[in-house]
Trainee: 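Could you have a look at this structure, given as structure tokens, before my questions?
Everything numeric in this text was worked out from a predicted model, so none of it was measured. Each ligand, and each atom within it, is numbered from 1 in the order the structure gives.
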Amino acid sequence: MGEYLDKGLHEECGVFGVYRQSDAAHLTYFGLHALQHRGQEGAGIAVADGKTVRCRKGKGLLSDVFGRNDLDGMTGKNAIGHVRYGTAGGGEVENVQPIVSRLANGGALAVAHNGQIANAAELRKELEDKGSIFWGSSDSEIILHLLQGTKGPLIEKIKQACNRLDGAFAFLILTEKNLYAVRDKNGLRPLSLAKQGDGWCVSSESCAFDIVGAHLVRDVRPGEIVKISAAGLESCFYTEETSCNLCAMEYIYFSRPDSVLERQNVHGVRRECGRLLAQEDLDNFFKADIVVGVPDSSLSAAAGYSEAIGLPNEMGLIKNRYVGRTFIQPTQAQRDLGVRLKLSANVPVVRGKRVVLVDDSIVRGTTSKRIVALLRQAGATEVHLRIAAPAIKYPCFYGVDMSTRAELASASLEPDVLAKVLGADSLRFLSVDDLKQACGCQGLCTACFDGSYVTPLYSNKI
Ligand code: SF4
């Protein structure tokens with residue numbers, strides 16, 4: 001994550017679209033800018049002017065792909081964009097989105113997809129056997145080929161295609177005249193709608209609406225297909241079997257604190273997670289001097305923990321905001337250097353103190369271990385690690401690039417043992433029930449914590 005520490009947790013992408021806005025390409029650029037934390041491997045924008053769909057995309061950050069004048073020629077009032085972190089398919093440019101194609105009837109369309117199609121391998125083989133030719137290896141291209149292979153108006157094609165897809169997806173389709181927004185029937189990946197004047201915006205996260213002056217209206221519902229055209233907004237569902245199971249990691253880690261998902265502000269949820277996490281320590285008369293949150297994604301939880309337990313919330317870790325991704329390299333020594341470049345301990349604050357270190361997750365444990373060591377080297381006398389989320393024990397099949405089970409520290413180690421491995425004096429996690437209470441929404445995917453997958457599981461993948 002650009003904005004967060006690299007823990008081995010990565011979201012697969014962010015999407016943004018605008019309908020009936022002058023300067024649609026520029027607005028999409030700004031919307032994607034607010035979503036850059038969701039993916040930094042590639043970015044692209046497709047614009048429609050009523051007659052054709054034009055696209056520009058490339059590898060890297062948005063600012064790498066679009067120079068000062070690159071958007072000037074992209075005229076049109078409707079646009080979609082994408083920022084990519086690829087879990088399925090490689091990092092080659094063919095996999096960068098939006099992907100543009102032409103339907104059999106001649107109409108051009110572009111697709112931007114967030115999520116992971118669990119039955120991608122089976123569908124790809126079936127489509128290739130029938131003669132489909134794929135340009136890249138991304139599972140998102142499957143959506144286009146499924147649309148090509150179905151009959152009827154586009155809305156019917158989308159319904160038929162969605163009913164073939166298993167897994168997590170939220171995608172946008174831009175045609176020459178219309179914009180479609182689709183969310184999977186389990187509501188795993190987020191997608192929100194906003195109004196701006198006469199026009200509409202769609203985004204993976206509502207934080208992107210604020211930057212373009214749009215106002216959040218609602219989430220796209222699980223299983224819903226929203227069509228935005230000159231006639232206005234129309235809604236239908238591709239199935240009646242829907243339920244909301246938004247990825248809990250969106251609240252815990254991925255989304256920006258100022259986003260609102262399923263009517264819950266992300267900062268508010270994190271703060272509540274911290275507050276509930278403190279409860280057991282309160283009950284056990286736990287003693288410490290200060291609370292320190294790991295910047296940036298754990299600061300809200302640290303604030304909640306500190307308030308509830310009555311200890312000062314101190315800035316014991318400082319993040320260097322100007323470290324480029326290029327400094328994070330694959331070898332262990334380079335990764336160690338990467339953490340030191342990104343984070344420093346505030347020595348006068350932590351020296352001689354018993355520190356409660358609040359973080360949002362432990363994946364492999366390597367980052368947590370380095371941060372605990374950083375605090376000890378700075379003179380902390382005790383470091384008690386508190387994770388404002390349950391222990392991650394199972395892999396994700398829904399678009400989050402999580403380690404295999406063997407690499408997940410909590411899959412095999414109980415908290416007491418893991419605390420020793422990480423060099424911490426104690427370690428506690430939030431319970432799944434407390435997480436659900438903090439999120440306050442009706443449905444939540446918690447599969448990576450408790451193994452309760454919401455779609456048929458491919459057991460050979462565990
Ligand atoms: S398994 Fe975990 S990371 Fe994957 S969608 Fe569910 S909550 Fe999110």
Trainee: Find all atoms of ligand 1 within a distance of less than 4.0 Å from any non-hydrogen atom belonging to C448, and give their numbers and elements.
Mentor: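 What qualifies from ligand 1 is 1 (S), 2 (Fe), 3 (S), 7 (S).
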
Trainee: Any chance the side chains of D450 and S452 put a donor and an acceptor closer than 3.5 Å?
Mentor: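 Their side chains do contain a donor-acceptor pair, which is all the 3.5 Å distance test asks for.
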
Trainee: I need the single residue from E272, R270, H267 that forms a side-chain hydrogen bond (donor to acceptor under 3.5 Å, both in side chains) with S300. Which is it?
Mentor: H267

Trainee: Please could you name the atoms of ligand 1 that Y398 approaches to less than 4.0 Å, counting only its heavy atoms?
Mentor: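 Close to Y398: 5 (S).
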
Trainee: Just by distance, with hydrogens left out, do D281 and Y305 show a side-chain donor and acceptor under 3.5 Å apart?
Mentor: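 A donor-acceptor contact under 3.5 Å links the two side chains.
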
Trainee: Under 4.0 Å from a heavy atom of V400: which atoms of ligand 1 are those, numbered in the order shown and with their elements?
Mentor: 3 (S)

Trainee: With heavy-atom distances below 4.0 Å as the criterion, list the atoms of ligand 1 near A447.
Mentor: 1 (S)

Trainee: Enumerate the atoms of ligand 1 whose separation from the nearest heavy atom of C247 is less than 4.0 angstrom.
Mentor: 3 (S), 5 (S), 7 (S), 8 (Fe)

Trainee: Not counting sequence neighbours, which residues clear side-chain hydrogen bond (donor to acceptor under 3.5 Å, both in side chains) with H33? List them please.
Mentor: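 Not a single residue meets the side-chain hydrogen bond (donor to acceptor under 3.5 Å, both in side chains) criterion with H33.
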
Trainee: Relative to the heavy atoms of A248, which atoms of ligand 1 are at a distance of less than 4.0 Å?
Mentor: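 It comes down to these atoms of ligand 1: 7 (S).
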
Trainee: Validate the cation-pi geometry between R38 and Y85: distance from NZ or CZ to the six-membered ring centre under 6.0 Å, angle to the ring axis within 45°.
Mentor: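 No, R38 does not lie over the aromatic ring of Y85.
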
Trainee: Which ligand 1 atoms does M249 reach within 4.0 Å, using its non-hydrogen atoms?
Mentor: 3 (S)

Trainee: Does F169 have any ring pair (Phe, Tyr, Trp, His ring centres under 6.0 Å) partners at least two apart in sequence or in another chain, and if so, which?
Mentor: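 In terms of ring pair (Phe, Tyr, Trp, His ring centres under 6.0 Å), with neighbours along the sequence ignored, F169 is linked to F171.
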
